[in-house]
Each structure stands twice: as C-alpha cells, then as structure tokens.
Amino acid sequence: MNQGDMIQILTAGMGSVCFALIFGLRGSKLVTIGCGGALSWFIFLLGRKHGSALLGLFEAVIVAAAIAEIEARRRKTPVLVMEVPLLIPLIPGGDLYRMMVSIMRDGLQASQAPMVWLVQEVFVIAAGIILVSTVVSAVVKIWRSFVKR
C-alpha cells in the first residue's frame with residue numbers, strides 16, 4: 001500500500017460517513033459505516049492489484065453488504081439505510097462518466113467497450129448484494145426454525 005492508496009481508503013470512509021449523514025444516521029452507526037466503507041475500498045484495491053478489478057469489486061460488495069446486514073439486524077435499522085452508504089465508494093461513477101464521454105466523442109458503436117465494462121460492474125454489484133441478502137435470509141430462517149423447537 002502506498003500513500004495514494006491510503007488516501008483513497010480514508011476518502012472512501014469519509015465519503016460513506018458523509019452520505020450516511022444524508023440518511024440522518026448519527027453516533028456509532030457513523031463509525032461503523034466509515035470503517036465499513038474504508039474496509040470495502042481496501043478490499044477492492046487488494047482485489048484489483050492481485051487479480052481482476054471485477055473480482056475485487058465483487059469481494060468488496062460482499063463485505064459491505066454483509067456488514068450492512070449484520071449491523072442493521074444488530075441495531076434494528078433497515079438494511080438499506082446501512083447498505084447504501086457502505087456501497088457509495090464502490091459505485092462506478094468514473095466509469096459511467098468515461099462511457100458517456102466516449103459516446104459523445106466517438107459515437108455509440110465505437111463506445112461498446114466502456115458500456116460493456118460498466119454493465120459488468122453494475123451486474124457484479126447487484127450480484128454481490130443479492131448473494132449476501134439471500135444467504136442472510138436463509139440463515140435467519142434456519143436459525144428461527146431451530147429457536148422455535
């Protein structure tokens with residue numbers, strides 16, 4: 001990790017906290033979201049350096065969604081309120097911008113590569129969220145069935 005990576009990690013955490021403030025979150029939830037946002041960006045950077053950017057993004061989304069699910073249940077807060085700020089650093093805004101510039105400059109046909117890349121990123125984010133949500137729902141149902149016995 002170099003200094004630029006550390007700045008990115010800290011900025012991701014602060015960005016998550018600032019977005020959480022929009023949702024009206026306060027107190028220890030902000031600490032959790034800040035640390036979770038920084039951790040998810042750290043995992044993304046590791047994945048990008050040691051393999052594929054899409055694999056790193058998938059791993060980071062899984063971590064962020066898992067933190068959101070666990071903390072939302074622990075704090076009796078809706079999952080989306082925790083999940084959205086945690087995922088903010090992972091939103092591919094830069095790639096969306098590059099795709100739009102490519103379309104405006106080169107035309108729709110010549111801009112297929114940036115479009116495909118953006119669709120892949122969006123799919124990976126959605127797949128990670130759905131995977132974690134499905135696993136957590138299954139675990140909760142199994143847990144509740146054992147507790148009722």
Side-chain angles (χ1 to χ4, degrees), residues 1-140:
M1 289 280 136
N2 59 30
Q3 185 178 4
D5 291 341
M6 294 304 295
I7 291 171
Q8 287 183 43
I9 292 166
L10 289 173
T11 305
M14 288 188 301
S16 291
V17 168
C18 291
F19 205 87
L21 290 171
I22 294 172
F23 281 101
L25 298 178
R26 300 284 183 257
S28 63
K29 290 178 187 172
L30 291 178
V31 174
T32 301
I33 287 173
C35 292
L39 176 64
S40 66
W41 190 255
F42 172 73
I43 290 169
F44 170 70
L45 289 176
L46 280 180
R48 190 173 69 183
K49 285 184 180 178
H50 292 82
S52 143
L54 289 176
L55 180 61
L57 179 61
F58 185 66
E59 293 167 346
V61 168
I62 286 176
V63 168
I67 292 169
E69 290 278 353
I70 292 166
E71 288 299 312
R73 293 184 194 303
R74 192 171 77 82
R75 298 171 187 269
K76 296 182 180 14
T77 304
V79 175
L80 275 178
V81 171
M82 299 293 285
E83 196 166 48
V84 171
L86 282 167
L87 292 172
I88 285 297
L90 303 173
I91 301 297
D95 291 331
L96 176 62
Y97 173 77
R98 283 186 282 283
M99 181 200 70
M100 295 305 293
V101 168
S102 177
I103 289 171
M104 297 302 291
R105 188 178 329 147
D106 304 327
L108 198 56
Q109 289 288 54
S111 302
Q112 286 181 348
M115 278 190 266
V116 169
W117 182 255
L118 184 66
V119 168
Q120 288 175 335
E121 287 178 317
V122 170
F123 176 78
V124 163
I125 291 170
I129 293 168
I130 291 168
L131 175 68
V132 170
S133 177
T134 303
V135 168
V136 168
S137 294
V139 168
V140 167

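Worth knowing before you read on, the calculation uses all heavy atoms, side chains too, and leaves out hydrogens, waters and symmetry mates. Here, residue 1 is the first one in the sequence, and each next residue gets the next number.
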Notebook entry, point to check: If you look at every heavy atom in P85 and F23, which pair is closest and at what distance?
Noted result: CG-CD1, 3.9 Å
Check: Looking at CG of N2 and CD of Q8, how far apart are the two atoms once the value is rounded to the nearest 0.5 Å?
Finding: 8.0 Å
Next item on the list: Test side-chain contact (heavy atoms from CB on, under 4.5 Å) on V81 and K29 and set out the steps.
Entry: CA-CA 10 Å; V81 171; K29 290 178 187 172; over 6 Å; no
Checklist line | Pairs satisfying side chain to side chain donor-acceptor pair (under 3.5 Å), at least one member in residues 9-27, at least two apart | finding: none
Checklist line | Approximate separation, where rounding is to 0.5 Å, of I33 CD1 and L25 CG | finding: 4.5 Å
Check: Yes or no on side-chain contact (heavy atoms from CB on, under 4.5 Å) for I67 and L39, after CA distance, side-chain angles and deciding distance?
Finding: CA-CA 10 Å; I67 292 169; L39 176 64; 4.1 Å; yes
Note to self: Nearest 0.5 angstrom please: L57 CG to I62 CD1, how far?
What the structure shows: 10.0 Å
Check: Between the side chain of S102 and the main-chain N/O of S111, is any donor-acceptor distance below 3.5 Å?
Finding: no
Check: For A53 and F44, which heavy atoms make the closest approach, and how far apart are they?
Finding: O-CE1, 3.6 Å
Next item on the list: Check whether any side-chain heavy atom of E69 sits under 4.5 Å from a side-chain heavy atom of V135, and report yes or no.
Entry: no
Notebook entry, point to check: Do the side chains of F58 and L54 get nearer than 4.5 Å, heavy atoms only?
Noted result: no
Check: Does L108 reach the side chain of M115, with side-chain heavy atoms less than 4.5 Å apart?
Finding: yes
Note to self: Please report the interatomic distance NE2(H50) to CG(L45), rounded to the nearest 0.5 Å.
What the structure shows: 11.0 Å
Next item on the list: Could you grab the distance from atom CD1 of I70 to atom CZ of R74, nearest 0.5 Å is fine?
Entry: 10.0 Å
Item checked: Heavy-atom pair of closest approach, residues L30 and V17 -> O-CG2, 3.4 Å
Check: Heavy atoms, side chains only, cut-off 4.5 Å: are W117 and Q120 in contact?
Finding: yes
Item checked: Heavy-atom pair of closest approach, residues A60 and I43 -> N-CG2, 3.8 Å
Check: Is there side-chain contact between D95 and R98, with heavy atoms separated by less than 4.5 Å?
Finding: yes
Notebook entry, point to check: Do the side chain of S133 and the main chain of I129 share a donor and acceptor less than 3.5 angstrom apart?
Noted result: no
Note to self: I'd like to check L46 versus E59 (side-chain heavy atoms, cut-off strictly below 4.5 Å). Are they in contact?
What the structure shows: no
Item checked: Worked verdict on V140 versus R73 for side-chain contact (heavy atoms from CB on, under 4.5 Å) -> CA-CA 10 Å; V140 167; R73 293 184 194 303; 3.8 Å; yes
Note to self: Distance check, rounded to the nearest 0.5 Å: D5 atom CG versus R48 atom CZ?
What the structure shows: 7.5 Å
Margin query: Can you give me the closest heavy-atom contact between E83 and A65, atom names plus distance?
Written below: OE2-CB, 3.5 Å
Note to self: For a 4.5 angstrom cut-off between non-hydrogen side-chain atoms, does L86 reach S40?
What the structure shows: no
Next item on the list: With side-chain contact (heavy atoms from CB on, under 4.5 Å) as the test, would you mind laying out the steps for M104 and V101 before giving the verdict?
Entry: CA-CA 5 Å; M104 297 302 291; V101 168; 5.8 Å; no
